[in-house]
Each structure stands twice: as structure tokens, then as C-alpha cells.
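Letters A, B, ... mirror the listed sequences (proteins, then strands); counts begin at 1.
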Amino acid sequence: MSKKPTAQPALHKVIMVGSGGVGKSALTLQFMYDEFVEDYEPTKADSYRKKILLDGEDVQIDILDTAGQEDYAAIRDNYFRSGEGFLCIFSITEDESFQATQEFREQILRVKNDENIPFLLVGNKSDLEDRRKVSFQEASERAKQWGVPYVETSAKTREHVDKVFYDLMREIRARKMEENKTNNGRGKDKSKKKKLKCTIL
Amino acid sequence: MEPSKEPTLNLLSSKDFVPEKYVRDLSQSLVGGPELRRLRKKIQALYEETNNNLKRNVYHNYMQFIDTAKEISHLESEMYQLSHLLSEQKALLAALSTTSILGDETPMITGAENKNDASERGDENRQKLASILEKVEGCKELLEVPGRTYLHEGDLLEVDPVDNNTIKTVHAYLFTDGFMTTYRNTNNRGLMKYVFEVMYELGSLAVVNVRDIGNNKHQFKLLIFPDTRVFQCTASSSKKEWLDKFDQAKKARLTQEQQKRESIVEKSPSRSASIESPSFNPFEDMEEDVGTIHPEWFIEIPEELDVCVAQRHFEEALIFLQKSKDYITQFVNTNGQPDHVIIDIQRKVELRHNNLTEVLMKELEVNPDKSQQGGLRAARRAVRLLNQLGRSTQSCDLFLKLCSSILKTQCKRVKRECSTAMYVRHLSSVVFTNMCHMTEEFLRAFPSSSSCSSAYVVWASNELSLFTSHFIKQVFMPQTSLSTLTECVVLVRSQCERLCSFGVDLCYQLDGALRTPLMQALKDTRDKSIEVAKLRALEDKWIPMNLRSKTGLARFLLQYSEMGLKLDDYVTGDIWIQLTNSTLVFAKLYLTLLNDCLQLETTELLHTINEVLYDVFEAQVRHVESSLRNEKQVEQRKFITKNADFLLVILQDLCQKKYKETIGFECESLHKLKKEYSALIKGVSPTSRSTKTKYSSEFL
């Protein structure tokens with residue numbers, strides 16, 4: 001198993017959050033395997049890892065597809081703590097799922113204790129325009145209020161699927177470089193440590 | 001001939017000596033008997049010499065032999081001791097493990113959670129947990145969480161979450177409330193195969209299934225901030241099992257907690273609101289609260305209890321116990337369920353409680369080394385405390401045992417020196433005075449407990465049985481006269497009645513115990529009296545009694561009038577009484593017998609008494625009857641009739657009067673006797689009477 005003892009490509013940890021049935025797993029699977037899974041089965045918690053080329057740089061993406069129906073707040077906190085960036089998904093066909101994003105946002109901010117955590121508000125199921133319940137404007141306003149980008153995706157048509165993941169990874173990468181800079185080239189370890197402290201506080 | 005053929009010690013003990021070959025060579029080279037015989041002699045001599053040498057060697061090393069043997073036996077006994085110690089320790093440990101587990105069964109802890117857990121499942125689980133405890137070093141607290149149940153275990157390979165390199169093999173256990181990882185014990189000694197690493201609380205353990213990509217197969221992740229741990233299973237089936245079990249455990253826990261939360265919310269809505277932020281957030285109310293702060297005195301109670309017990313401040317210990325109990329009940333009442341601190345303290349307090357009880361019970365125990373100087377008074381404190389601890393049954397038991405032992409020693413002090421009556425007087429007074437005292441003490445110690453009262457009654461009855469059996473052995477002997485017997489029995493009865501004032505009436509039991517021996521004694525007395533009557537009859541000359549002097553007569557008359565017999569009518573001259581000696585002696589003896597009988601009287605004995613009274617009286621009357629039959633002289637017949645009249649009228653009337661005074665009615669059997677022999681009074685010779693009576697009278 002120890003196949004690469006040499007320098008590992010940067011690992012970006014992305015977390016999919018959102019209510020149950022909004023298409024977190026569908027988006028993840030589309031991104032990972034270029035396939036759309038029609039059948040719905042509630043996810044417990046799955047993690048994926050993939051090597052990709054981000055702007056000419058080898059990176060690894062680690063996606064944690066969380067359970068929309070996780071019952072334990074403490075467990076959810078642990079999911080969120082492990083993430084470096086968040087895709088907060090709702091379904092444009094379901095207002096409830098949109099309302100729930102508020103709670104997820106608050107919880108993530110509380111756990112990460114960081115207003116500027118890489119975060120994307122994602123309205124999924126854009127292919128189901130006829131059943132839209134959440135207007136683009138409404139969602140954009142909320143994103144604006146949070147200071148995060150808003151993207152509409154379709155796991156079915158693969159519209160903007162790569163974009164949300166790549167955008168988020170760029171944010172994460174930018175964030176990490178910024179931290180590296182403030183630490184004056186002390187390296188990744190240091191930045192990690194600092195991040196730890198923040199979250200503990 | 002080679003010189004080597006000569007048998008020597010060197011030759012025979014040399015390494016390459018072969019007996020067969022040697023003998024063959026010898027028989028080949030030697031011809032003739034004498035030579036062979038000479039060799040044989042020589043070998044014999046060698047044999048003897050060796051034997052002697054051996055003996056001498058043994059003798060020389062004799063002391064060493066003995067020392068070694070001693071050493072061995074020493075070693076043996078030490079091994080025995082060691083094994084005994086080990087087995088003791090084993091028993092102790094087993095007891096310890098059961099006690100800590102039994103602690104779980106206190107009603108408060110179990111609560112609503114494991115009600116449907118069948119007890120056998122609980123046992124199984126306990127055993128499993130205990131076996132894990134044995135295998136894993138450093139997880140002593142494993143058993144201390146109530147309701148923890150074993151779910152799953154297995155070997156896992158831990159890999160680095162970043163570069164996926166193997167880190168180590170772990171052996172993991174899943175319980176209903178947590179996930180425990182252990183690693184292999186490197187200094188592989190004993191049963192402890194694994195070393196405890198960490199226990200994760202299931203309520204905050206994020207389990208993530210890792211999708212199989214490339215070489216990363218059959219993995220799952222645990223996110224426990226700040227750690228992320230990745231474990232690799234051997235096969236996808238085992239991974240599935242792990243994830244399923246995790247899921248199962250979480251679900252079970254959730255339903256459990258929901259139940260609990262519901263009950264809390266019902267009871268104290270204010271508490272959760274005060275702890276949590278005011279904004280209602282469906283996530284936030286699921287936060288585990290850190291636990292209430294308990295007052296310091298409560299935390300320190302176990303230690304305080306230890307000190308109190310060690311210093312024999314039992315009352316204080318009791319107050320502490322009560323305080324802690326109150327606190328726990330109050331806490332549970334307000335908060336719905338005890339937290340872990342409470343449970344911990346509760347268990348510790350429970351142990352101290354048991355310890356205290358044991359110490360107190362030791363106090364009460366009857367011990368030959370312990371002086372009984374203080375008597376029951378000294379036991380008061382321990383009894384009272386035990387009662388307060390809710391152990392009245394045990395304390396009652398011990399108290400009564402103590403009473404028995406005190407009674408026994410007291411009885412032993414009563415020496416059998418003087419007459420039986422005196423001895424009985426002493427003994428019964430000691431026994432019953434003590435019993436009265438003990439009853440008093442008992443009523444003071446256990447004022448209103450029916451179970452204790454019944455124990456007391458049983459005890460008292462046992463003590464009485466002990467006493468009566470001793471009494472019977474001492475008093476009911478063939479040579480003891482009925483009068484002495486009566487005196488003793490009456491004494492004991494009156495003593496026994498003292499207990500009645502405490503509401504303990506054992507007289508019935510006493511009478512019951514004495515009934516058989518008394519009947520026997522009465523019958524013996526009857527036989528004896530009849531025997532005496534017969535002897536007297538043989539000597540009866542049918543002459544009036546001569547008192548020899550006036551004073552003698554006066555003394556005699558006084559003596560009889562004291563018994564209730566007026567003899568003045570029978571006096572003739574200065575010194576004569578117109579009754580025979582036999583009649584007068586009989587009257588006296590009979591009155592004594594009657595007195596004894598009347599004193600001994602119980603309803604059960606009445607029949608026997610009547611029989612005895614009849615038989616004894618009849619024996620005398622028969623004598624009169626047979627004398628009359630054989631007497632021809634008119635004068636003499638008249639004298640005999642006069643005696644008969646005295647017996648059947650004067651004496652009978654007196655007897656009936658006395659009988660009636662005590663029993664309440666007149667004696668049937670004496671009536672019958674009087675009727676049967678009424679002819680005698682008229683001076684009629686009883687030849688007309690049935691022959692049967694005649695014959696039987698001749699037998700006497």
C-alpha cells in the first residue's frame with residue numbers, strides 16, 4: 001500500500017452538506033465517475049478520493065458525502081470539522097431544503113469558527129425547471145448575504161458539476177496559500193496547526 | 001589367564017563391562033567347579049562390600065537426606081499455601097466483578113433503557129465484557145458504565161488517512177455506547193493480548209464509508225476531531241458488517257436517548273433552556289451537556305464514609321449515607337436520570353453501605369473471644385444502626401443469637417449444689433428473668449416489625465424447649481418424689497407466667513412439654529403408693545392407734561386438723577384414736593398426693609389425675625374390704641367399719657371439697673369409688689359383690 005512515499009499532491013477536503021434527497025451523492029458520483037444514479041438510497045456517510053488536475057497542478061480531492069439525515073449533532077460537528085471547504089446543496093424544487101441551508105451554514109460557521117471558510121451555495125436539479133420552487137434571485141440573495149458564490153447545477157445533465165468542485169478547490173487552495181503567506185513560508189504543517197487552534201477556540 | 005578376568009570393583013564398574021560376555025569368557029576359560037565357586041565367592045564379597053559402601057554413604061549423607069526431605073515437604077506446603085492464596089484471590093476477583101456488575105441492577109440506573117434486555121442476555125454480555133477485560137490491558141472502566149453491551153469486534157488495519165500507508169494492526173471492539181481500539185501487546189505475557197488505546201463515545205463518532213478507489217479497498221474512516229482514522233477491513237463483507245453494526249448501535253442509542261430526552265423535557269423544560277442558547281435549533285438541543293456540578297461534600301462522601309467506619313463513628317456514617325441518598329433521589333427527581341458522577345458515587349456509597357453493615361453485624365456476632373460484659377445493652381447501638389440501615393432482619397437474627405448465647409452462659413453459672421427444688425428455683429429464675437429482660441430489650445429494639453416479632457417468638461419457644469428438656473432431665477428422675485416434682489413444676493410455671501406480661505404466653509408450650517413426663521411420674525407415684533398400701537396392709541393388726549402420751553395425742557390431732565381432718569370424735573381415753581395406724585397414715589399420704597395432683601392439674605392431665613386418685617384410694621379400701629371379709633368377730637368388724645366410714649366419708653368429703661376448690665367440680669372417680677364401696681360403711685361384708693372385684697383385689 002505504500003506506493004508513494006514521495007511528496008504527495010495537495011489534498012483538498014470537500015464536504016457535501018444539505019438536507020436529505022437534494023442530490024449530494026448524485027453530484028458526487030457524477031463528478032467522480034461521470035455517471036448519474038437515478039435510484040435514491042439515503043447515504044450514511046461516504047468518502048471519495050480522486051486525483052485531478054487543477055489549473056495544471058496535481059491535486060487530490062477528498063469528498064465527504066455526508067448523511068442528510070444524521071441524527072447526532074456531535075457527529076455532524078465532527079464531519080464539518082474535518083472539512084476545508086463546503087458545498088451546501090439544496091434542491092431548487094424543494095423550498096424546505098433551501099431553508100435548511102441556513103441552519104447548515106450557521107452550524108458550519110460555528111464549528112469552523114471562520115466567516116471566510118471556502119463555501120459554495122449550490123442549487124441542484126436545475127434540469128427540473130418546471131418544478132422550481134426556489135427562484136434564482138432568492139438563492140443568489142442569500143449567497144450574497146453570506147458572501148459566497150451561488151451556482152445552479154444538475155447532476156443529471158452534469159451542468160456545472162465540475163465547476164462547483166473546481167471552484168471550491170480553487171478557493172481552498174487560495175485560502176491555503178494565503179495562510180502559508182501569513183505564516184511566512186513555514187509550510188503546510190504550520191498552517192494546519194493554526195487551523196487547529198482556531199477551531200478549538 | 002588374563003588378569004582382567006579376576007573380578008574387581010574397577011572391572012565391574014567400568015563402562016564397557018558386559019555381563020554376558022564376561023560370564024561366557026569365564027565359563028570358557030575356567031574348568032571345574034572349585035574355580036567357579038571361588039569366583040562366585042569373590043563376587044559375593046564384592047557385592048557385600050558395595051552394599052556396605054552404599055549404606056555407609058547413605059549414613060554419611062544422612063543429614064543431607066533429612067534436610068532434603070524437609071526442604072521438599074516445606075516446598076510442598078508452600079505450594080499448597082500458594083495455590084490456596086491464588087484460589088482465594090480468584091474468588092475475591094470473581095466476587096468483585098459480580099459486585100460491580102450487580103451494582104447495575106439498582107433500579108435507578110437501569111431506568112427505562114434496558115428493560116427489554118432479558119436477564120440471560122445481560123449475563124452473557126457481562127461475561128463477554130469480563131472476557132474482554134481479561135484480554136485487554138488498561139480498560140478497567142469498561143465494566144463501569146451501566147447498560148454497556150458488547151456488539152462487535154475484529155482485527156482492522158489502520159492506514160494513514162493522507163498517503164494510505166499502513167500504520168498498524170488494531171483490534172477494535174464496538175459497544176452500544178462506544179468504539180474501543182486496542183493494539184497488540186508487544187511484551188506478550190499472560191492473557192493480556194491487547195493494550196487499550198482509546199475509547200470513542202459513539203454519540204460523537206462520525207463513521208464514514210470510504211468508497212473503494214484503486215488500492216484503497218474495504219476501508220472506513222472515523223472522524224474524531226482533530227483525528228481522522230482510516231481502518232481497512234480484510235473484506236468488503238467485514239466492512240459491511242462493521243458499518244451495519246455502527247449504524248445499529250447509533251440507532252439504538254438514538255431511540256434510547258429520545259426516550260430519555262422526552263422524559264427530561266417533560267420534567268424540567270427550564271433546564272435545557274437555561275443551558276442551551278435561547279434560539280431554538282433542532283441541532284443544538286442534541287448537544288451532550290457537560291453534566292451538572294455536584295457539591296463537593298457529595299463527591300467526597302465515599303471517603304468520609306471510610307473514615308467514619310474506621311473510627312467507628314457509625315452514626316455519622318449513617319447520616320452521610322442518608323444525605324447522599326437524599327441527594328441522589330432529589331437529583332433524579334429533578335433531572336430524570338442520574339449522570340455518571342451520580343452513578344459512580346452511588347456505586348461507591350453502596351459498597352460503603354455494605355461494608356458498614358458488615359462491620360455492624362460483626363459487632364453483634366457471637367464470638368467466644370468477645371466478652372459479654374455489656375450484655376444486651378452493648379448491642380443496642382449496633383442493632384439500632386442496622387435497623388436504620390434497613391437490615392432489621394439480620395440484626396434481629398444476630399440479636400437473638402446473642403441472647404441465646406448470653407442465656408447459655410448465664411445458665412452455666414447456676415451450679416447444681418443443693419436440693420433439686422433449689423436448683424430449679426435458681427435456674428428457672430435465671431432463665432425467665434433473662435428472657436423477660438431480653439424481651440424488654442427486644443421490644444425496645446424492634447418496636448413494630450412483624451417479621452422480627454415472629455422471629456422472636458420462634459426464638460423464645462426454642463429457648464423454652466431447651467430449658468424444658470434440661471429441666472426434665474434434671475428433675476424427672478425415678479427417685480424424685482411427686483412433691484418435689486410438683487414444687488419444681490409449679491415454680492417453673494409461675495416463672496413462665498412472667499412472660500405473659502409481655503404478651504408472650506409460653507405456658508401452654510411448657511405444659512405440653514411436661515405433659516408426658518408428668519403423666520409418667522403420676523403413674524409411677526400411683527404404683528408406688530399402691531405398693532406401700534399393700535405393705536401397710538400386711539402389717540395391719542386392726543388395733544386403734546396408741547399415741548402413748550397426752551401431748552403426743554394433742555400434737556397428732558393438731559397435725560391432722562391442719563390437714564383438714566377433725567379426729568376428735570375418734571379419741572378414746574387419753575392416748576387412743578379409734579382408727580388404725582394404716583388408715584391414718586394413708587389419709588395423710590393421700591392428702592399430700594391430692595395436693596400435688598391438684599397443683600399439677602391441667603386439663604390434659606386431669607384424666608390421669610382422676611385415675612391415680614381412684615386407684616390409690618381403691619387400694620386402701622380394698623384392704624379394708626378384704627379385712628372385713630375375713631373378720632368374724634363383731635367387735636372387730638365394727639372397728640373395721642369405722643375405719644371404712646372414715647375413709648369413705650370423712651376423708652372423701654375432705655378430698656372432694658379440696659378438689660372442687662381447685663378444679664371447680666367434684667371428682668367423678670372418687671364418687672364412683674364411694675358408690676362402689678358404700679356397702680362397707682354399713683358393715684356389710686362385700687361377699688355379695690362381684691367376684692371380679694374380689695379376684696382383682698386379691699391380686700393387689
Structural part of [X] lying under 4.5 Å from a heavy atom of chain B:
| X | result |
| --- | --- |
| A:L64 | side chain |
| A:F80 | neither |
| A:D65 | neither |

*Decide yes or no for A:D62 and B:K221: does some side-chain heavy atom of the first lie under 4.5 Å from some side-chain heavy atom of the second?*
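Heavy-atom side-chain distance check passes, below 4.5 Å.
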_Side chain proximity check, A:Y48 to B:V210, heavy atoms < 4.5 angstrom_ = no
Return yes when atom [atom1] of [X] has more than 12 non-hydrogen atoms of other residues, nucleotides or ligands closer than 6.0 Å, and no otherwise.
| X | atom1 | answer |
| --- | --- | --- |
| A:K163 | NZ | no |
| A:Q99 | CD | yes |
| A:Q137 | CD | no |

*Output the distance between atom CG (A:D46) and atom CZ (B:F220), rounded to the nearest 0.5 Å.*
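Result: 13.5 Å between the selected atoms.
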*Taking atom CZ of B:R211 and atom CZ of A:R49, what is their separation to the nearest 0.5 Å?*
15.5 Å
*What pair of heavy atoms forms the shortest contact from B:V207 to A:A45, and how long is it?*
O-CB, 3.3 Å
*Go through the atoms of B:D247 and report whether side chain, backbone, both or neither lie under 4.5 Å from a heavy atom of chain A.*
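The side chain, not the backbone.
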_Residue B:L223 versus chain A: region with a heavy atom under 4.5 Å_ =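 The answer is both parts of B:L223.
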